[in-house]
Amino acid sequence: MGQWVYTFGDGKAEGDASQRDLLGGKGANLAEMASLGLPVPPGMTITTEVCTYFYEHGESYPPELETEVNAALDHIAASTGRTFGDAEMPLLVSVRSGARISMPGMMDTVLNLGLNDATVDALAKNAGDERFAVDSYRRFIQMYGDVVLGVPMRLFDERLEDLKAEKGVELDTEISADEWRKLIEVYKALVLEETGKPFPQDPRDQLWGAIGAVFGSWRNDRAITYRRLHQIPERWGTAVTVQAMVFGNMGETSATGVAFTRNPSTGEKALYGEFLINAQGEDVVAGIRTPQDITEKARQEAGSDRPSMETALPEAFAEFKAVCDKLEGHYRDVQDLEFTIERNKLWMLQTRSGKRTAKAALKIAVDMVDEGIISQDEAVKRIEPASLDQLLHPMIDPKSEKVLFAKALPASPGAAAGVIVFSSDEAERFAAAGKPCILCRVETSPEDISGMHAAGGIFTTRGGMTSHAAVVARGMGKPCVSGAGSVRIDYASGTMISNGVTLRAGDAITIDGATGEVLLGEVPMMKPELSGDFQRIMDWADRARRMKVRTNADTPHDARTAREFGAEGIGLCRTEHMFFDPARINAMREMILADDTEGRRAALDKLLPMQREDFTQLFEIMAGLPVTIRLLDPPLHEFIPHGEEDIKEVAEALGVDPEKLRNRARALAEFNPMLGHRGCRLAVSYPEIAEMQSRAIFEAAIAAAQKTGAPVEPEVMVPLVGLQTELEFVKKRIDATARAVSEETGQTFSYQVGTMVELPRAALNADKIAESAQFFSFGTNDLTQTAFGISRDDAATFLGSYLRESIIDVDPFVSIDVDGVGELIRIAAEKGRSVRPDIKLGICGEHGGDPASIDFCETVNLDYVSCSPFRVPIARLAAAQAALTHAKAA
Ligand code: ADP
Ligand code: MG
Ligand code: MG
């Protein structure tokens, strides 16, 4: 039987920062801080194993728990000289939840637990401040009532608002002790009315109620939604930390605050944060009062007229600054801290690695390398590959016309345009319909998480840079503008008003999370500039990685973009996209309508120069880098019109009888085109198509090599091969064409013929196929479809329920299904190499840009991944991380 409760405080702790799994992130780091000798109020952490036990035993506790909790309370009592319920020196505690990773959606913290009608007087006497004591008590009833007893916070708020209205005051700080006492009676009556029971007076009942509520909250709807969105397993459970209270609301020399050791938005090496004098707990992030800056420099930059902590509480500030340095050095990473100052004495209440924007992450990692804190490899590992997306995406074009609606805090960078929605449900509806929207709220709460995901950007009128909206948006990489005090949102009428301008739900706006501007209409955007930090990290990543990164590109534009992002060749050029061009599609249709080979050849002759030109351009842009070109893949019916109107129009353009077109469309119709006449099956039926395309490729290779001086070695890829004999059939045509082109031009050139492995049969027979193929490219979109027997385009209707019910953890079309599709890749790679040790292996499905899938590719030793141009930097970084991870493991 293990230990269920771990204590910390007085420079010692049971457990440390490595025990997040057991103690939760908060508990583990409190233990670590205590051991470091930092000022941490003493406390205990009840482990996540108790949570697991709780759910496995019909919501009951291990029998030893009560004894262990009592022993830990004695430990806190010894350290503080206070005991639960004592009429002279009562112990007050906070009850805090904490999972392995910080998880909004869990139970809110309960502060001031242990207060009752008797201990409140002792607190008043000890502090020499009655107002403070009764304020703490009314906060406690409110929090406990809401969080543990389920009395809606709204009902407490209404009663508080009534009191303020009656007294004609605006701020809580203006309410006197006597008035708080009256409110306490009103609150107690409310609890009795709502729950049928009086507010619990025994501190031990209060404590067990709160502990039960934390464990209970692991399975509340908010927490379940959050876990689903972030793939957090149910079995992790939460820990509960019970900690002696310190008070930030003991007058003008007391305060509470939150800070980052570096700026989480820009990465600048400067202490950054907000605090409030005479306040408690989450007053800072709740947006009730506007917080003050911590440093003098930040105050000046913000142009604030309220004093910084540096000037208002200089001693506590100096100590805090030292603690920040110590913690950053200890954890070797930016820390996100929560602290309280009680009568000039600093207390640390939380530390964790700080969430940051991609831009800040790059700067911090590079700075820390320069400061000698971390190595280049560590810097590479610190950047979340997917977060680079934030930097690669559009920003507002500075040349564009801007009409300002409001200006507020630049809470999370990037720009987004869309229509106004006022609720998360609306945001989700719009997102489902593919319409970009901006979620506009007074403030956000954990219930808004799915809506925030769905929206393109978030705008709030309340709360600072550390408000819920700001923190969550930065984590998601969504643009966010927060704290627009000049804007009034009225949910009921669906409007928001600023300076006499009224906007309605459905109106378009643009938010700029870098400047805090909210602009009318949809403002034009432009490509971002990539910073020097970005380049340095990418250089280090390129040095660390083993796999090459290519791009999927069909057009010169895409190829150029990908080159700028560092692509090392083209892994997939889909030739059919070239035929959909309006100038060419009719030649394609002539080919399809031709009655015989002769007719088809005549039409193909028209397409040849166009294809040659396409390929020449791509080869030139790639200047000697490998380019894989896939022969025609989709079923031919995709190229011909189906609607009666279209048929008539096209028939006229081609000069044929519409009936002929109709008949052809009918003949080409298939029950299941995905498994129909496509891929290499087209080349088997119409070898002249493959011949024309190969000829265009080879002639282009010669032309481009002459122009750029760099030899071009094209890779001709035959799609949807299942049989070696299929591949051999097509390869013979390709080789013959190469010989012909060589003879005609008198030029020699080299090329490779390979196949896309996208059918299970090909993977299982990869050794045979490798006899004819010089390379394999895993087409994981089709391989996933054919391995699962799921059509991707029809999957939406049911994959959602699979995810919801935990039948699968991730969508296999987003991240490779390692056990199934991955196994096919592993088999194919092994078998292919057994026959042809130097066979080139790559992946060109959508998965080529997915970091988890890229990690898998490293484990099977692929030579390269290929992805869409905008994902190239992400893939470069992910490939580097995979190389670093698996090099260590090996
Ligand atoms: P969250 O996980 O939502 O950040 P916390 O458990 O950190 O919740 O509690 C929120 C805030 O409550 C803290 O930032 C701190 O200001 C206050 N708090 C928690 N425990 C104590 C305590 N023992 N004494 C004083 N304030 C506390
Ligand atoms: Mg909270
Ligand atoms: Mg906290």
Side-chain angles (χ1 to χ4, degrees), residues 8-9 20 23-30 33-34 39-46 73 76 79-80 82 91-115 123 127 132 135-136 139-140 142-144 146-147 207 210-211 213-214 217-218 222-223 226 238-250 254-260 273-286 288 291 320 335-343 345-355 445-446 464 466-468 470-472 475:
F8 57 87
R20 307 174 65 87
L23 303 177
K26 205 179 281 167
N29 284 325
L30 281 167
M33 284 199 290
V40 174
M44 69 172 104
T45 298
I46 302 172
L73 283 172
I76 301 174
S79 164
T80 57
R82 294 162 196 272
L91 171 65
L92 304 182
V93 296
S94 63
V95 177
R96 318 172 65 183
S97 60
R100 278 187 213 190
I101 59 169
S102 119
M103 213 181 94
M106 289 300 301
M107 191 201 85
D108 290 324
T109 296
V110 175
L111 302 178
N112 311 332
L113 187 142
L115 279 176
L123 182 67
F132 147 75
D135 175 37
S136 301
R139 284 173 188 263
F140 171 53
Q142 207 171 308
M143 262 186 271
Y144 195 92
D146 168 45
V147 167
L207 179 65
I211 292 171
V214 174
S217 75
W218 181 251
R222 266 158 49 176
Y226 188 86
T238 179
V240 182
T241 294
V242 179
Q243 188 176 26
M245 280 302 300
V246 291
F247 296 97
N249 55 337
M250 263 196 202
S254 300
T256 185
V258 296
F260 287 82
E274 295 170 335
F275 84 114
L276 271 179
I277 295 220
N278 198 8
Q280 192 173 38
E282 305 224 311
D283 290 358
V284 178
V285 292
I288 294 167
F320 181 62
Q335 296 299 296
D336 169 356
L337 308 156
E338 298 178 8
F339 64 94
T340 281
I341 296 164
E342 178 180 313
R343 297 199 166 148
K345 164 90 184 99
L346 173 73
W347 292 100
M348 296 305 301
L349 293 170
Q350 190 168 336
T351 189
R352 59 183 154 184
S353 126
K355 283 211 170 71
S445 71
T466 49
S467 64
H468 179 268
V471 171
V472 174

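Scope of the values below: all heavy atoms of this structure, side chains included, with no hydrogens, waters or symmetry mates. Atoms within a ligand are numbered from 1 in the order they appear, just like the ligands themselves.
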> Quick one: does ligand 1 sit under 4.0 Å from the side chain of Thr109, the backbone, both or neither, non-hydrogen atoms only?
Replying inline: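 Within the 4.0 Å criterion, Thr109 contacts ligand 1 through side-chain atoms alone.
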> Is Pro41 in contact with ligand 1, taking contact as a heavy-atom separation below 4.0 Å?
Replying inline: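 Judged by the 4.0 Å heavy-atom criterion, Pro41 does not count as contacting ligand 1.
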>> To the closest 0.5 Å, what do you measure between CE (Met103) and CZ (Arg222)?
In response: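 Here the interatomic distance stands at 9.5 Å.
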> Do the rings of Phe339 and Phe320 sit parallel, tilted or perpendicular, given the 30° and 60° boundaries?
Replying inline: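 Aromatic pair Phe339/Phe320 classed tilted.
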> Passes side chain to side chain donor-acceptor pair (under 3.5 Å), Gln280 versus Asp135? Steps please.
Replying inline: CA-CA 10 Å; Gln280 192 173 38; Asp135 175 37; over 6 Å; no
Atoms of ligand 1 close to [X] [distance to a heavy atom under 4.0 angstrom, numbered from 1]:
X: Lys26; value: 1 (P), 2 (O), 5 (P), 6 (O), 7 (O), 8 (O)
X: Thr256; value: 16 (O)
X: Leu111; value: 12 (O), 17 (C), 18 (N), 19 (C), 20 (N), 21 (C), 27 (C)
X: Ala244; value: 22 (C), 23 (N)

>> Any N/O/S atom, side chain or main chain, of Gln350 closer to the Mg ion (ligand 3) than 2.8 Å?
In response: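 Here the distance criterion (N, O or S atom, under 2.8 Å) is met by Gln350, so yes.
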>> Run Asn278 and Phe132 through side-chain contact (heavy atoms from CB on, under 4.5 Å) and show every step you take.
In response: CA-CA 9 Å; Asn278 198 8; Phe132 147 75; over 6 Å; no
> Can you tell which of Gln280, Glu338, Gln350, Arg352 gets a heavy atom nearest to atom 13 (C) of ligand 1?
Replying inline: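 Shortest heavy-atom distance from atom 13 (C) of ligand 1: Glu338.
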> Does the side-chain contact (heavy atoms from CB on, under 4.5 Å) test come out yes or no for Asn29 and Gln350, once each step is laid out?
Replying inline: CA-CA 7 Å; Asn29 284 325; Gln350 190 168 336; over 6 Å; no
> Is there a side-chain contact between Met44 and Val242, using heavy atoms and a 4.5 Å cut-off?
Replying inline: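 Result yes, sub-4.5 Å side-chain heavy-atom pair found.
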